[in-house]
Number of protein chains: 4
Amino acid sequence: MQKTLETTKKRSTTTRKLRSDALRNRERILEVAKGVFTRQGANASLEEIAKQAGVGVGTLYRHFPTRDELIEGVYRNEVEKIAAAAARFTETMSPIEALRAWMLLLVDYIAAKHIIAPALNTIAGGPSRLHEGSRAMIQSAIDGLVKRAKRSGDLRRNLDAYDLLRALIGVSHVGSGSDWQQSARRLVDILIAGSRPLK
Amino acid sequence: MQKTLETTKKRSTTTRKLRSDALRNRERILEVAKGVFTRQGANASLEEIAKQAGVGVGTLYRHFPTRDELIEGVYRNEVEKIAAAAARFTETMSPIEALRAWMLLLVDYIAAKHIIAPALNTIAGGPSRLHEGSRAMIQSAIDGLVKRAKRSGDLRRNLDAYDLLRALIGVSHVGSGSDWQQSARRLVDILIAGSRPLK
Amino acid sequence: MQKTLETTKKRSTTTRKLRSDALRNRERILEVAKGVFTRQGANASLEEIAKQAGVGVGTLYRHFPTRDELIEGVYRNEVEKIAAAAARFTETMSPIEALRAWMLLLVDYIAAKHIIAPALNTIAGGPSRLHEGSRAMIQSAIDGLVKRAKRSGDLRRNLDAYDLLRALIGVSHVGSGSDWQQSARRLVDILIAGSRPLK
Amino acid sequence: MQKTLETTKKRSTTTRKLRSDALRNRERILEVAKGVFTRQGANASLEEIAKQAGVGVGTLYRHFPTRDELIEGVYRNEVEKIAAAAARFTETMSPIEALRAWMLLLVDYIAAKHIIAPALNTIAGGPSRLHEGSRAMIQSAIDGLVKRAKRSGDLRRNLDAYDLLRALIGVSHVGSGSDWQQSARRLVDILIAGSRPLK
DNA sequence: CATGAATGAGTCTTCATTCAT
DNA sequence: TATGAATGAAGACTCATTCAT
């Protein structure tokens with residue numbers, strides 16, 4: 001997508017297949033994989049993914065030697081976007097608002113791509129090191145938001161951010177009625193209300 | 001007609017396979033399947049399950065012609081226990097305590113056997129009719145508890161029981177640290193606190 | 001259950017379940033088997049046949065210890081009817097008419113129940129001894145008819161009856177259009193015309 | 001025909017396994033399959049065929065995703081040869097001789113490879129579309145021959161070519177005695193004699 | 001580097017056949 | 001004798017993974 005045009009014309013004379021080709025492939029694969037995993041679960045056929053991405057299986061294997069590495073690639077991509085949002089919200093909103101907004105975003109996100117949470121358990125080997133990195137990113141995001149809200153007195157000081165995270169992820173698993181958005185919003189409000197100082 | 005004497009007597013010693021053999025097998029299979037699905041996910045090898053249950057594959061297939069029927073069997077079994085608990089708690093505890101106890105139980109339960117929630121999504125075809133029945137049982141359980149707590153004034157009247165359910169199920173998906181129990185307890189408290197009347 | 005007490009002595013009055021029970025079963029099985037083989041081919045599931053006949057597999061096996069014996073049973077049954085027709089026609093029709101009628105009957109018959117001819121080849125082991133007996137019956141039927149027609153001068157003396165048989169059986173194998181009957185009739189006429197004395 | 005001259009060019013020297021590796025495999029499979037089907041019937045083990053062809057099952061499946069496609073492949077191959085013969089005979093023989101020769105050829109052919117006719121019925125789903133194409137080829141072959149013989153006055157004008165076909169196919173189904181060839185010859189003669197104009 | 005043909009292990013699934021009741 | 005549960009061998013089919021081109 002970003003790639004703008006260019007591609008063919010000049011380029012050093014000899015380079016028939018420059019490495020941007022590889023990059024493009026890598027991205028294509030990740031993009032497709034996200035969709036396929038979302039739809040078919042973490043055991044989806046790699047050949048299928050390769051085909052949809054318009055490359056041979058071999059190519060897919062070159063980029064991601066194992067299934068787990070592919071999943072991790074997808075995963076990391078997505079997580080980065082979420083983490084970025086946390087930073088953005090922190091800069092532009094009040095502590096409690098930022099937290100609330102981010103929680104809603106997360107719920108939305110998870111709802112859309114079931115890979116994120118399912119992957120955590122499905123992958124052979126439990127909650128595994130596979131996602132350690134990604135999980136850390138998310139955790140640090142919510143940690144920051146929660147700490148900030150604690151400081152401003154909007155949340156109980158003994159609140160555990162990770163507990164919130166757990167509850168949020170759950171929302172994605174009961175399947176989504178048409179009232180999805182509403183339910184999520186209500187749930188987030190309950191969680192925030194339940195996290196306020198007792199006063 | 002002296003009882004059925006004879007029949008019982010001399011056979012008692014030799015009776016290797018009573019007619020309830022089939023029943024026993026069925027239960028054995030369900031028992032084993034629960035464990036295997038919990039550990040290996042919903043795609044576990046049926047042959048493996050049969051072997052662990054000490055029966056031939058054929059027998060497993062006789063009882064559960066499709067994988068889904070087996071999963072449903074396991075599922076239903078478990079769900080019934082949970083629903084039963086809701087009834088029990090309702091009779092022996094105060095509204096809010098009953099709800100709290102049940103929520104904790106559910107969290108425990110889901111944490112122990114990942115089949116329950118994962119199954120919801122994993123099975124081809126989305127949240128599918130496969131679990132409709134079971135889901136209904138759980139939903140009706142929490143509905144009952146919540147309604148009761150609303151009547152006693154312990155919960156906001158505009159609370160959606162299903163929202164709570166969603167949050168609870170989520171707890172099972174982030175994987176379990178050693179602080180699992182604690183986290184669950186805290187989360188349940190947050191949810192209940194957030195569900196209280198606004199005063 | 002069946003207990004079949006005392007079949008030996010004076011059963012006449014009390015005979016609850018005499019061995020006609022077994023006979024009835026045997027016939028039921030043959031009847032059903034004919035249908036199933038006709039529809040599903042010679043490899044049809046024996047369990048299926050047993051179920052449709054309303055008996056357990058075990059019972060089927062008692063009567064027909066091997067699949068081949070069952071097929072042969074079906075086969076023999078059918079063949080007898082055809083052979084009987086040859087005799088009947090011989091008594092009531094002119095030589096050439098009898099032959100013609102019988103040929104048409106055979107074609108009809110084969111068309112209706114594909115077991116007869118297919119079985120000849122399908123069964124593992126080639127044209128096998130399995131049908132020797134049955135084949136002999138048919139062959140002798142047509143032999144009789146043909147000889148009679150030769151004597152009356154309606155057919156060439158050097159005609160081989162078996163050749164006719166071969167041609168007839170074939171008719172059943174091209175599948176049946178709606179013009180089945182017509183085609184058969186024309187074919188029979190061609191064969192007879194081609195078998196006439198050279199004048 | 002295929003000749004596809006010179007696409008290769010500079011690769012010629014090193015090409016150990018030219019891209020026609022796949023092609024060779026495909027042909028090997030067809031060749032073997034013909035034999036196995038002929039001997040063991042249309043339900044023969046595909047794994048067996050793969051092994052005999054010296055390829056993995058996977059390869060067989062790549063080329064022929066379903067059993068029917070494999071059968072069709074074999075079938076088509078054979079049928080083409082027969083159709084070709086019809087054309088050849090037409091060019092080199094008198095009408096009646098061409099027809100006679102072709103009929104004998106067909107009988108021979110069917111006798112040798114039982115797949116051809118059996119396949120017609122065995123395949124699940126009746127005479128099915130699977131062979132539509134092939135059947136058409138044969139039918140058109142005999143149609144041509146018959147029409148030509150009608151025009152030359154050697155055959156009755158109201159003769160149905162398909163009737164002849166039916167009779168011929170049948171010859172393959174009674175199994176083959178040692179007098180096979182003779183019987184076939186006689187039968188063909190009967191059919192032709194019976195198809196002559198009545199004069 | 002990319003490709004996709006080949007491979008074969010792993011599962012699923014069906015049935016013939018046996019055997020305890 | 002009749003029954004049908006149990007068994008396991010056999011075959012179908014799918015995919016992850018390798019490797020020659």
Side-chain angles (χ1 to χ4, degrees), chain A residues 15-19 21-22 25 43-51 54-63 65-67 70, chain B residues 7 11 14-26 43-51 54-63 65-67, chain C residues 1-5 7 17 19 21-22 25 43-51 54-63 65-67 70, chain D residues 8 11 14-26 43-51 53-63 65-67:
Chain A
T15 325
R16 289 183 192 169
K17 301 207 168 188
L18 65 173
R19 53 176 169 259
D21 204 39
N25 272 341
N43 292 333
S45 159
L46 297 192
E47 198 145 0
E48 171 74 15
I49 291 177
K51 188 173 299 173
V55 303
V57 236
T59 303
L60 187 155
Y61 269 86
R62 170 172 301 274
H63 287 293
T66 81
R67 170 184 295 270
L70 175 55
Chain B
T7 22
R11 327 199 89 267
T14 29
T15 316
R16 290 179 192 171
K17 299 198 168 196
L18 68 172
R19 61 185 169 216
S20 63
D21 206 35
L23 268 190
R24 174 140 23 220
N25 272 340
R26 193 190 148 89
N43 292 333
S45 160
L46 296 190
E47 205 140 0
E48 171 73 14
I49 292 177
K51 189 173 298 173
V55 304
V57 237
T59 303
L60 187 155
Y61 270 87
R62 170 177 291 272
H63 288 291
T66 79
R67 171 186 294 272
Chain C
M1 283 182 199
Q2 324 309 54
K3 256 312 181 189
T4 43
L5 47 144
T7 18
K17 298 208 167 187
R19 52 173 170 260
D21 202 42
N25 273 340
N43 293 332
S45 157
L46 296 191
E47 197 145 1
E48 171 73 15
I49 292 177
K51 187 173 301 174
V55 304
V57 239
T59 303
L60 186 155
Y61 269 86
R62 169 171 302 273
H63 288 293
T66 80
R67 171 184 294 270
L70 175 55
Chain D
T8 34
R11 331 199 83 266
T14 29
T15 319
R16 289 179 191 171
K17 296 204 167 190
L18 66 172
R19 59 184 170 217
S20 63
D21 203 38
L23 269 191
R24 173 143 22 223
N25 272 339
R26 193 191 148 89
N43 292 332
S45 159
L46 296 192
E47 205 140 358
E48 171 74 14
I49 291 177
K51 189 173 299 174
V55 304
V57 234
T59 302
L60 186 154
Y61 271 89
R62 171 179 289 271
H63 287 293
T66 80
R67 170 185 296 271

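The structure displayed is predicted, hence computed values, not measured ones. We use all heavy atoms of the structure for the numbers below, so side chains are in, but hydrogens, waters and symmetry mates are not. Chain identifiers are assigned alphabetically (A, B, ...) following the order of the sequence lines, protein sequences preceding nucleic acid strands; residue numbering begins at 1 within each chain.
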Item to check | Phosphate-side-chain proximity, A/Asn25 and E/dC1, N/O vs OP1/OP2 below 4.0 Å | outcome: no
Given [options], the nucleotide with the shortest approach to the side chain of [X]:
X: C/Tyr61; options: F/dA6, E/dT18, E/dT13; result: E/dT18
X: C/Arg62; options: E/dT13, E/dG4, F/dT1; result: F/dT1
X: D/Arg67; options: E/dT11, F/dA12, F/dA16; result: F/dA12
X: A/Val57; options: E/dT13, E/dA5, F/dA12; result: E/dA5
X: A/Val55; options: E/dT3, E/dT17, F/dT3; result: E/dT3
X: A/Ser45; options: F/dA16, F/dA5, E/dA5; result: F/dA16

Please report, rounded to the nearest Å, how far the [atom2] atom of [N] is from the [atom1] atom of [X].
X: D/Arg24; N: F/dA20; atom1: CZ; atom2: P; value: 17 Å
X: D/His63; N: E/dG4; atom1: NE2; atom2: P; value: 14 Å
X: D/Asn43; N: E/dT13; atom1: CG; atom2: C1'; value: 16 Å
X: B/Glu48; N: E/dT11; atom1: CD; atom2: P; value: 8 Å
X: B/Leu23; N: E/dT21; atom1: CG; atom2: C1'; value: 15 Å
X: C/Ile49; N: E/dA16; atom1: CD1; atom2: C1'; value: 12 Å
X: A/Leu46; N: E/dT3; atom1: CG; atom2: C1'; value: 16 Å
X: C/Lys51; N: E/dC15; atom1: NZ; atom2: P; value: 11 Å

Checklist entry - Closer to the 5' end of DNA chain F via nearest nucleotide, is it C/Thr59 or D/Gly58? => result C/Thr59
Item to check | 5' priority, DNA chain F, between D/Pro65 and C/Glu47 [closest heavy atom] | outcome: C/Glu47
Next on the checklist: Tell me whether B/Arg67 contacts the main-chain N or O of B/Ser45 through its side chain, where contact means a donor paired with an acceptor under 3.5 Å.
Outcome noted: no
Next on the checklist: Taking E/dC1 as the reference, what is the distance to F/dT21 when you measure between their P atoms (whole Å, please)?
Outcome noted: 22 Å
Checklist outcome for this item: Axis-to-axis angle for the helix from E/dA2-F/dT21 to E/dT21-F/dA2, ends of five pairs each, to 10°, equals 0°
Next on the checklist: Just to verify, what does A/Glu48 make a side-chain hydrogen bond (donor to acceptor under 3.5 Å, both in side chains) with, not counting sequence neighbours?
Outcome noted: A/Gln52
Checklist entry - Where do C/Leu46 and C/Leu70 come nearest, in terms of heavy atoms and distance? => result CD2-CD2, 4.1 Å
Next on the checklist: At 4.0 Å (heavy atoms only), tell me whether B/Ala44 reaches a base, stays on the sugar-phosphate, or touches nothing.
Outcome noted: sugar-phosphate
Checklist entry - Relative to the 5' end of DNA chain E, which residue comes earlier, D/Gly56 or C/Thr66, by the nucleotide with the nearest heavy atom? => result D/Gly56
Next on the checklist: Tell me every residue that passes side chain to side chain contact (heavy atoms under 4.5 Å, CB included) with A/Val55, counting only those two or more places apart in sequence or in another chain.
Outcome noted: A/Asn25, A/Ile29, A/Ala50, A/Ala53, A/Thr59
